[in-house]
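In what follows, a structure is listed as structure tokens, so that the remarks can point back to it.
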Amino acid sequence: MNFTPDKAIYLQIADRICDQILAGEYAEEARIPSVREYAVMLEVNVNTAVKAFDQLARDEIIYIKRGLGYFVSPDAVSRIKQQRRTQFIDEQLPALFRSMQMLGIDIEEIDDAWAKANAKE
């Protein structure tokens, strides 16, 4: 995994695990690799992986079964989607709206582009 300097590594690891859950690599109630396995897989310090897993547990994306490891929470997909929607609306849309305003792009043009993009799928 290539890490970017604009975000803490443990958060990038948490995002990767969320991506894997959304992609169906880890189903709800499925066991995920241990902290150590994940640290080795990504070639990071175990403490960094622990921080990522702790963050996901606080967000109720994963949970621990004592002696068995970490598992994906039953409603992890909906939690991840809600978090990402909120983040998108709060962080990405304002910049997009500023660009639209500066370039004179109205919502109808965006709606047309959205329809075209969805028609290709």
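Please read all numbers here as calculations on a predicted model, not as lab measurements. Both backbone and side-chain heavy atoms feed into the values below; hydrogens, waters and symmetry mates do not.
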*If you look at every heavy atom in Phe3 and Ile13, which pair is closest and at what distance?*
CE2-CG1, 3.9 Å
*Which residue pairs satisfy the salt bridge (Lys or Arg N to Asp or Glu O under 4.0 Å) criterion with at least one member in residues 83-108, sequence neighbours excluded?*
Asp19-Arg84
*Same cluster (ILVMFWY, side-chain, under 4.5 Å), Leu96 and Ile89*: yes
*So does Gln92 have more than 12 non-hydrogen atoms from other groups sitting under 6.0 Å from CD?*
yes
*Flag for Ser78-Gln82: side-chain donor and acceptor within less than 3.5 Å*: no
*asked:* Grouping I, L, V, M, F, W and Y whenever their side-chain heavy atoms are under 4.5 Å apart, do Val72 and Ile64 come out in a common cluster?
replied: yes
*Give, for atom OG1 of Thr48 and atom CD1 of Ile9, the distance between the pair rounded to the nearest 0.5 Å.*
6.0 Å
*Using the side-chain contact (heavy atoms from CB on, under 4.5 Å) rule, take Arg16 and Leu42 through it: C-alpha gap first, then chi angles, then the decisive distance, then the call.*
CA-CA 11 Å; Arg16 177 189 165 121; Leu42 298 181; 3.4 Å; yes
*Closest heavy-atom contact between Cys18 and Ile61?*
SG-CG2, 4.3 Å
*Kindly work out whether a path of hydrophobic side-chain contacts (I/L/V/M/F/W/Y, heavy atoms less than 4.5 Å apart) joins Tyr63 to Ile17.*
no
*Between Gln83 and Asp59, is a side-chain contact (heavy atoms from CB on, under 4.5 Å) present by the stated rule, with each step listed?*
CA-CA 9 Å; Gln83 285 177 354; Asp59 292 342; 3.4 Å; yes
*What distance do Ile21 atom CD1 and Glu25 atom CD have between them, rounded to the nearest 0.5 Å?*
10.0 Å
_Minimum-distance pair of heavy atoms, taken over all atoms of Leu11 and Gln55_ = CD2-CG, 4.3 Å
*asked:* Give me the atom names and distance for the closest heavy-atom approach of Ile110 to Met100.
replied: CG1-CE, 3.5 Å
*Could you pull out the closest heavy-atom pair between Glu29 and Pro74, with the gap in Å?*
OE2-CG, 2.8 Å
*Checking side-chain contact (heavy atoms from CB on, under 4.5 Å) for the pair Tyr38/Ile32: CA distance, chi angles, key distance, verdict?*
CA-CA 9 Å; Tyr38 223 85; Ile32 62 173; over 6 Å; no
*For Ser73 and Asp75, test the side chains for any donor-to-acceptor distance below 3.5 angstrom and give the result as yes or no.*
no
*Decide yes or no on side-chain contact (heavy atoms from CB on, under 4.5 Å) for Lys7 and Asp15, but give the supporting numbers first.*
CA-CA 11 Å; Lys7 193 173 191 181; Asp15 284 345; 2.3 Å; yes
*What's the verdict on ring pair (Phe, Tyr, Trp, His ring centres under 6.0 Å) for Tyr70 and Phe53, showing C-alpha distance, side-chain angles and the deciding distance?*
CA-CA 8 Å; Tyr70 284 94; Phe53 279 57; 5.0 Å; yes
_Contact summary for Gln20 and Tyr26, nearest pair of heavy atoms_ = OE1-CE1, 3.4 Å
*Taking everything shown except Asn2 itself, do over 12 heavy atoms lie less than 6.0 Å from its CG?*
no
_If I take atom CZ from residue Arg31 and atom CZ from residue Phe71, how far apart are they, to the nearest 0.5 angstrom?_
6.5 Å
*Do Ile107 and Ile105 belong together in a cluster built from hydrophobic side chains that touch within less than 4.5 Å?*
yes
*asked:* Could you see if Met41 belongs to whatever hydrophobic cluster contains Val50? Use Ile, Leu, Val, Met, Phe, Trp, Tyr and a side-chain cutoff under 4.5 Å.
replied: yes
